[in-house]
Amino acid sequence: MTEPLLSVEDLHVSFQTRDGENQAVRGVSFHIDAGETLGIVGESGSGKSVTAKAIMALIAPPGRISSGQITYHGADLLNLSEKEWRKLRGNRISMVFQDPMTSLNPVKRIGDQMTEVIRRHRGLSKGEANEEAAKLLAQVGIPNPRERLAQYPHEFSGGMRQRVMIAMALSCAPELLIADEPTTALDVTIQAQILDLFKQLKADSKTAVALITHDLGVVAQVCTRVIVMYGGLIMEEGSVEDIFYRPQHPYTLGLLRSLPRRGEKSRERLTPIEGSPPDLLNPPSGCPFRDRCPHAFERCTERPPAFDLSPGHHSMCWLAESESLLGKEREESVSSSGAEGGVTHG
Ligand SMILES: Nc1ncnc2c1ncn2[C@@H]1O[C@H](COP(=O)(O)OP(=O)(O)OP(=O)(O)O)[C@@H](O)[C@H]1O
Ligand code: SF4
Ligand SMILES: [Mg+2]
């Protein structure tokens, strides 16, 4: 098996607050392969951004990574020095943040900010970097890119700043791009343009993308695989087909049910499933979805492990246990009948 580009193992992240310890991420494991587009979905507060920031080594006090492992090309990311990180961040691994204003310098022209990044990582001349910056702005749908380069962030709308951030993140052709809600603040036309850009990235398959979003519609359009987060844990993981056509976890089903149907105009954020997410200051010991799950039974007071449903498709729900056992039996019977066939023909 080839080594994944990025691997996250049993990650735990918490924040010390006045009211106690907020256990934002409570044992998350997943991987991203080179060139693939992984969707990370889940309601507000499920731990998506915190997971992304942990990967980028951007968890600072009062937050801490209390345990877990993060590796990139098999090398430990959690114990890199800041100097080593500076070589990776914005170069081989880039991130687009949920709030673009925090990552642009308000007193520097957009062009200078862009060319600085481009020159640092690609060693181009000033003129070449300027050309490249204009090309990138055009690619993310900003009209008159050359004039725009001379302007300051406050002269851009929120959606345009978000697009500038995407352009900057792509400027050094990273191996891994983590995009946190990159299209939420954008109007529908621009959103479509950005999604096309992500599709193009997927087709080129040089850049792996972790796309964090509330919008399952976006995931269906651009992702190959999906993880569904809830209460700081991964509830279900699978290919886009698994998640949309063969969802197993009651939480995934709830998310899918709250999607606007074909033909309906609304492309709003998902309507939350009835009830509210668990209190992460005092997380439940059992299944975190228990209080809202229409199928909850006694066993659910215990936290279920992730059951394998088929290769790459896992669900953290006790209801998946029998299906997973059945699947195993099916596999065993198939492989043993295969062996018998060998004997007969031999
Ligand atoms: N700096 C912080 N201090 C304290 N708690 C934090 C901090 N950052 C995140 N958290 C908590 O961690 C939990 C997970 O937050 P996170 O931002 O990862 O959610 P999310 O899934 O990205 O949600 P959204 O969809 O709203 O962006 C939340 O309970 C949040 O309050
Ligand atoms: S483990 Fe139980 S409570 Fe949790 S999703 Fe499955 S059936 Fe519902
Ligand atoms: Mg977030």
Side-chain angles (χ1 to χ4, degrees), residues 8 11-28 39-56 58-66 95-100 102 178-185 210-216 218-219 227-236 247-255 268-270 272-307 309 314-324:
V8 175
L11 179 71
H12 288 74
V13 186
S14 59
F15 293 89
Q16 205 55 53
T17 70
R18 260 199 327 235
D19 305 319
E21 197 181 32
N22 183 331
Q23 298 177 41
V25 172
R26 306 190 290 136
V28 156
I40 303 180
V41 298
E43 275 167 295
S44 193
S46 55
K48 305 180 299 292
S49 296
V50 169
T51 301
K53 286 179 186 160
I55 295 169
M56 299 298 290
L58 296 174
I59 299 290
R64 70 186 184 104
I65 295 177
S66 46
M95 180 160 171
V96 178
F97 292 89
Q98 215 166 343
D99 174 11
T102 52
I178 301 178
D180 195 352
E181 300 279 1
T183 58
T184 310
L211 181 62
I212 298 175
T213 177
H214 282 87
D215 193 336
L216 278 170
V218 167
V219 168
I227 62 179
V228 180
M229 287 190 70
Y230 183 75
L233 290 164
I234 293 177
M235 297 291 104
E236 186 162 3
Q248 193 284 329
H249 200 284
Y251 178 64
T252 313
L253 283 163
L255 283 184
E268 289 168 2
R269 293 184 146 206
L270 299 176
I273 302 158
E274 217 169 291
S276 38
D279 174 12
L280 295 176
L281 291 169
N282 292 296
S285 52
C287 170
F289 191 53
R290 202 174 69 221
D291 291 346
R292 301 167 81 184
C293 179
H295 308 287
F297 58 112
E298 282 137 52
R299 190 82 196 262
C300 308
T301 51
E302 233 179 282
R303 194 204 276 187
F307 293 106
L309 296 163
H314 321 287
S315 173
M316 193 187 196
C317 168
W318 287 117
L319 295 175
E321 185 176 35
S322 48
E323 250 174 79
S324 145

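Counting starts at 1 for both ligands and their atoms, in listed order. In this text the structure is predicted, and so the values were computed from the model without any measurement. Values reported hereafter were calculated over all heavy atoms of this structure, with side chains retained and with hydrogens, waters and symmetry mates removed.
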Between Thr17 and ligand 1, is there a nitrogen or oxygen pair with a distance under 3.5 Å?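 No - when backbone and side-chain N and O of Thr17 are compared with those of ligand 1, no distance drops under 3.5 Å.
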Ligand 1 N/O within reach of Ser49 N/O, cut-off under 3.5 Å: yes
Looking at ligand 2, would Met235 count as a contact under a 4.0 Å heavy-atom criterion? no
Looking at [X], which atoms of ligand 2 are within less than 4.0 Å of one of its heavy atoms?
X      : value
His249 : 5 (S)
Cys317 : 1 (S), 5 (S), 6 (Fe), 7 (S)
Arg290 : 3 (S)
Cys300 : 1 (S), 2 (Fe), 3 (S), 7 (S)
Trp318 : 1 (S), 6 (Fe)
Cys293 : 3 (S), 5 (S), 7 (S), 8 (Fe)
Leu319 : 7 (S)

Flag for His214-Glu181: side-chain donor and acceptor within less than 3.5 Å: yes
Are a donor atom and an acceptor atom from the side chains of Asp180 and Ser49 found within less than 3.5 Å of each other? yes
Less than 4.0 Å is my threshold; does some heavy atom of Gly47 fall inside it relative to ligand 1?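 It does; at least one heavy atom falls under 4.0 Å.
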Is Gly45 in contact with ligand 1, taking contact as a heavy-atom separation below 4.0 Å? yes
Suppose we only count N/O/S atoms under 2.8 Å; would Ser44 qualify as near the Mg ion (ligand 3)?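 No, outside the cut-off.
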For residues [X] and [Y], report the shortest heavy-atom separation together with the two atoms involved.
X      : Y      : answer
Pro182 : Leu211 : CG-CD1, 3.4 Å
Gly231 : Leu280 : O-CD2, 3.8 Å
Cys317 : His249 : CB-CD2, 3.5 Å
Ser285 : Arg303 : O-CB, 3.4 Å
Leu233 : Val28  : CA-CG2, 4.1 Å

Would you mind running through ligand 1 and noting each atom that sits below 4.0 Å from a heavy atom of Ser46?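 Going through ligand 1 atom by atom, the ones under 4.0 Å from Ser46 are 19 (O), 21 (O).
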Strictly distance-based, threshold 3.5 Å: is any side-chain N or O of [X] a donor or acceptor partner for the main-chain N or O of [Y]?
X      : Y      : value
Glu323 : Leu309 : no
Lys48  : Ile40  : no
Arg292 : Glu274 : yes

Do the ring planes of Tyr251 and Tyr230 sit parallel (below 30°), tilted (30 to 60°) or perpendicular (above 60°)? tilted
Residue portion contacting ligand 1 (non-hydrogen atoms closer than 4.0 Å) for Met229: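 Contact part for Met229 vs ligand 1: neither.
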Tell me the contacting part of Val50 for ligand 1: side chain, backbone, both, or neither, using a 4.0 Å heavy-atom threshold, strictly below.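 It is both backbone and side chain that touch ligand 1.
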Can you tell me which portion of Pro250 lies within the under-4.0 Å heavy-atom range of ligand 2? Options are side chain, backbone, both, or neither. side chain
Residue and atom name of the nearest protein heavy atom (relative to atom 4 (Fe) of ligand 2), distance in Å to one decimal: Cys287 SG, 2.3 Å
